Amino acid sequence: AAAIALLFLAACAHAFTLSNTLGDHMVLQRDAVSPPAAVWGFAASGTSVETTFDGHTLKSTADASGVWRQALPATPAGGPYTISFASSDGGSATLSDVLFGDVYICGGQSNMQFT
């Protein structure tokens with residue numbers, strides 16, 4: 001059973017996938033330049049990944065640890081957009097209904113309020 005689990009994990013480590021933090025209906029920071037809004041995922045080392053977004057075709061390559069990352073062009077608030085991915089190993093994925101706007105991350109107590 002352990003050998004089967006290791007084979008499964010090894011196969012998954014090389015398959016093209018998006019990061020679990022990305023998904024349909026997400027909001028990315030508008031007008032982001034430094035750092036830019038980015039998408040990323042995993043694939044076998046050296047796999048090229050083509051990202052298609054708003055008329056742009058962007059290319060990246062998975063590094064030695066199998067991580068690929070693609071910065072997106074600065075985009076004004078709006079949407080919805082579709083972001084499509086195709087890898088040189090035949091994998092593909094699509095993110096739908098992606099919006100660009102202001103993204104805030106808040107943390108604290110139940111007594112937080114705007115001032």
Side-chain angles (χ1 to χ4, degrees):
I4 293 172
L6 287 175
L7 287 174
F8 176 75
L9 290 174
C12 290
H14 297 333
F16 168 80
T17 60
L18 297 179
S19 167
N20 289 336
T21 59
L22 305 175
D24 295 337
H25 320 296
M26 69 180 176
V27 178
L28 296 173
Q29 181 62 44
R30 69 176 174 92
D31 303 317
V33 176
S34 182
V39 291
W40 65 96
F42 309 95
S45 177
T47 300
S48 61
V49 178
E50 187 172 277
T51 304
T52 304
F53 165 71
D54 195 32
H56 301 277
T57 299
L58 311 162
K59 297 184 181 195
S60 57
T61 303
D63 63 18
S65 62
V67 177
W68 60 269
R69 181 181 187 280
Q70 181 60 62
L72 299 176
T75 304
Y81 293 97
T82 297
I83 306 175
S84 300
F85 306 89
S87 68
S88 60
D89 65 4
S92 64
T94 301
L95 296 171
S96 301
D97 191 32
V98 176
L99 301 176
F100 282 79
D102 288 317
V103 176
Y104 296 93
I105 299 174
C106 301
Q109 302 289 330
S110 59
N111 61 352
M112 285 179 55
Q113 59 184 328
F114 289 104
T115 57

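Just so we're clear, the structure is a prediction, and the values are computed from it rather than from any experiment.
Of all heavy-atom pairs spanning V103 and Q29, the tightest one is N-OE1, 2.9 Å. Pairing each heavy atom of G101 with each of A77, the nearest pair is CA-CB, 4.4 Å. Of all heavy-atom pairs spanning A37 and F100, the tightest one is CB-CE2, 4.3 Å. Summarising the geometry of T75 relative to Y81, their closest heavy-atom pair is CG2-OH, 3.6 Å, with the distance given to 0.1 Å. The nearest pair of heavy atoms linking R30 to D102 is NE-OD1, 2.9 Å. A pairwise comparison of heavy atoms in P36 and L72 identifies CB-O, 3.9 Å as the closest pair.
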Point to revise | Stepwise side-chain contact (heavy atoms from CB on, under 4.5 Å) check, F53 with V98 | key: CA-CA 10 Å; F53 165 71; V98 176; 5.9 Å; no

Practice item. Begin from the C-alpha positions of T94 and T82 and carry the test side-chain contact (heavy atoms from CB on, under 4.5 Å) through to its verdict. Key: CA-CA 7 Å; T94 301; T82 297; 3.5 Å; yes

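When the options V67, L18, V49 are evaluated for a side chain to side chain contact (heavy atoms under 4.5 Å, CB included) with F42, the one that passes is V67.
Hydrophobic cluster membership is shared by L58 and F85, with clusters built from Ile, Leu, Val, Met, Phe, Trp and Tyr side chains linked at under 4.5 angstrom.
For residues 46-63, the pairs satisfying salt bridge (charged side-chain N to carboxylate O under 4.0 Å, His left out) are E50-K59, with sequence neighbours left out.
One finds the CD atom of Q70 at 10.0 Å from the OG1 atom of T52 (value rounded to the nearest 0.5 Å). Taking CG from L95 and CG from L22, the interatomic distance works out to 6.0 Å, rounded to the nearest 0.5 Å.
Remark: side-chain polar atoms of T47 are not paired, donor with acceptor, to backbone N or O of A62 under 3.5 angstrom. Listed for the D24 side chain is a donor-acceptor partner under 3.5 Å among the backbone atoms of S96.
Counting only heavy atoms from C-beta outward, the side chains of L99 and L28 never approach each other to under 4.5 Å.
Using a 3.5 Å distance cut-off with no hydrogens or angles, the side chains of W40 and S19 do pair a donor with an acceptor.
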